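No hydrogens, no waters, no symmetry mates; every other heavy atom, side chains included, goes into these values. Keep in mind the model is a prediction, meaning the values are calculated, not measured.
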Amino acid sequence: MRKVIVGAMVSLDGVMQAPGGPQEDPTCGFRYGGWVAPLVDEVFGEEIDKLFGQPFDLLLGRKTYEIFAAHWPYAEEGPDDSIAKTFNSINKYVATRKGLELTWKDSVALHDAVADVAKLKQDDGPALVTQGSTELIHSLLANDLVDEINLFICPVVLGKGKKLFDDGAKPAAFELAANRVSPNGIVIAKYVRDGAVKTGDFAMDPPTAAEVARREKMQQEG
């Protein structure tokens with residue numbers, strides 16, 4: 001089976017929007033495009049290389065695909081030559097409900113993202129790695145299709161913006177498989193799927209009369 005791996009650069013408050021530049025995605029008045037660039041350091045680069053050092057195909061939402069397709073085919077021989085050649089040589093699976101012209105070589109449209117990704121996961125092949133693509137990630141999380149989450153958590157709070165998680169995510173447990181902190185304060189964490197959410201209880205047993213009254217009040221308040 002193929003794994004679905006979410007790769008995401010996020011702020012402390014979970015915003016993913018436009019990490020790479022001011023014009024990347026200024027929708028809804030987002031003013032902080034390029035917020036990752038000042039924090040990039042050697043460790044960040046090494047961990048990005050690890051993420052893209054394994055066999056993989058890209059799994060992208062429509063808007064991220066359009067951003068990538070306008071950049072990476074033209075980036076070979078530049079400072080990001082290695083990753084450009086990798087991106088340009090692999091398959092790109094694109095979740096799109098609209099007629100989208102797939103100008104980037106080896107691009108494949110997914111018109112029913114959830115069903116198509118579930119089918120792709122059953123095949124033999126490399127991992128499916130997301131970049132950006134918040135709406136797609138929300139759908140994958142809501143349908144328990146994510147096997148691994150690789151986060152690059154940056155020391156910045158952005159307020160409004162497109163976020164990694166929404167209220168539709170299906171509850172799930174993840175285990176920390178690797179972690180590292182870069183000199184500029186980026187927390188890099190790899191989480192792998194680990195069954196259902198586990199719960200415990202710190203309350204006294206039996207509960208005090210005050211605790212019983214508190215619980216009854218909460219039930220009444222809804």
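- In Arg97, the CZ atom is not crowded: 12 or fewer heavy atoms of neighbouring residues, nucleotides or ligands sit closer than 6.0 Å.
- Not one N or O on the side chain of Asp57 forms a donor-acceptor pair closer than 3.5 Å with the backbone of Pro126.
- Lys92 places a side-chain N or O within 3.5 Å of a backbone atom of Ile90 that can act as its donor or acceptor partner.
- Side chain of His111 to main chain of Ala95: no donor-acceptor pair is present (N/O by atom type, distance under 3.5 Å, no hydrogens or angles).
- Looking at heavy atoms from C-beta onward, Leu39 lies in side-chain contact with Pro155 at the 4.5 angstrom threshold.
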Subject >> Criterion side chain to side chain contact (heavy atoms under 4.5 Å, CB included) on Ile186 and Val43, from CA distance to verdict >> reply: CA-CA 9 Å; Ile186 300 175; Val43 169; over 6 Å; no
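- Between Asp147 and the options Lys121, Lys190, Arg2, a salt bridge (Lys or Arg N to Asp or Glu O under 4.0 Å) holds for only Lys121.
- Hydrophobic clustering, with ILVMFWY side chains joined whenever heavy atoms are under 4.5 angstrom apart, keeps Phe174 apart from Ile188.
- Under a 4.0 Å N-O distance rule, the pair Glu66/Lys63 does not qualify as a salt bridge.
- Linking Ile, Leu, Val, Met, Phe, Trp and Tyr whenever their side-chain heavy atoms come within less than 4.5 Å puts Leu164 and Val114 in one cluster.
- No donor-acceptor pair closer than 3.5 Å links the side chain of Glu76 to the backbone N or O of Pro73.
- Looking only at atom types and distance, the side chain of Tyr65 has a donor-acceptor partner in the side chain of Ser107 under 3.5 Å away.
- When every heavy atom of Gly61 is checked against every heavy atom of Val94, the shortest pair comes out as O-CG1, 4.3 Å.
- For the residue pair Asn184/Ser182, the side-chain donor-acceptor check at 3.5 Å is not satisfied.
- Heavy-atom neighbours of Met1 CE from other residues, nucleotides or ligands within 6.0 Å: above the threshold of 12.
- To the nearest 0.5 Å, the span separating CZ on Phe68 from CG on Asn88 amounts to 11.5 Å.
- Placement of Leu158 and Phe152 within a single hydrophobic cluster is found when ILVMFWY residues are connected by side-chain heavy-atom separations under 4.5 Å, directly or transitively.
- The structure places NZ of Lys170 at 13.5 Å from CG of Leu140, a figure rounded to the nearest 0.5 Å.
- Nearest heavy-atom pair, Gly159 versus Val15, reported as atom, atom and distance to 0.1 Å: O-CG2, 3.4 Å.
- Residues Val6 and Phe165 fall within the same hydrophobic cluster, defined by Ile, Leu, Val, Met, Phe, Trp and Tyr side chains chained together at heavy-atom separations under 4.5 Å.
- Between Phe87 and Phe52, the two ring planes are perpendicular [angle over 60°; tilted spans 30° to 60°].
- Of all heavy-atom pairs between Gln17 and Thr27, the closest is NE2-O, 3.1 Å.
- Glu211 has a carboxylate O that lies under 4.0 Å from a charged side-chain N of Arg215, or vice versa, which qualifies the two as a salt bridge.
- Rounded to the nearest 0.5 Å, atoms OG1 (Thr96) and CG (Leu136) are 11.0 Å apart.
- Going from atom CH2 of Trp35 over to atom CD of Glu24 covers 9.5 Å, rounded to the nearest 0.5 Å.
- At least one donor-acceptor pair closer than 3.5 Å links the side chain of Asp201 to the backbone N or O of Ala203.
- Two residues are said to be in side-chain contact when any heavy atoms from C-beta on lie closer than 4.5 Å; Leu51 and Ile5 meet this criterion.
- Across Ala189 and Leu176, no two heavy atoms sit closer than the pair CB-CD1, 4.0 Å.
- Counting heavy atoms from C-beta outward, Tyr93 and Asp116 have side chains that stay 4.5 Å or more apart.
- Residues Ser89 and Asp106 approach most closely at O-OD2, 4.0 Å, considering heavy atoms.
- In the displayed structure, Lys217 atom NZ is contacted under 6.0 Å by at most 12 heavy atoms of other residues, nucleotides or ligands.
- Taking both residues in full, the closest heavy atoms of Gln54 and Ala127 are given as OE1-CB, 4.4 Å, listed atom of the first, atom of the second, then distance.
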Original post:
Could you go step by step and tell me if Ile67 and Gln131 meet the side chain to side chain contact (heavy atoms under 4.5 Å, CB included) rule?
Top reply: CA-CA 11 Å; Ile67 293 167; Gln131 289 287 279; over 6 Å; no
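- By the 6.0 Å contact criterion, CD on Glu148 is enclosed, its count of non-hydrogen atoms from other residues, nucleotides or ligands being greater than 12.
- For the pair Asp144/Arg193, a side-chain contact is recorded, criterion being any heavy-atom separation below 4.5 Å from C-beta on.
- Linking ILVMFWY residues whenever their side-chain heavy atoms come closer than 4.5 Å, directly or via other members, leaves Val146 and Phe56 in distinct clusters.
- Remark: Met16 CE to Thr130 OG1 distance equals 6.5 Å, nearest 0.5 Å.
- With hydrogens and angles ignored, the 3.5 Å screen pairs no side-chain donor or acceptor of Lys160 with any backbone N or O of Phe30.
- Between Ile153 atom CD1 and Asp13 atom CG the span is 11.5 Å, to the nearest 0.5 Å.
- A salt bridge does not link Asp123 with Lys119: none of the charged nitrogens is closer than 4.0 Å to a carboxylate oxygen.
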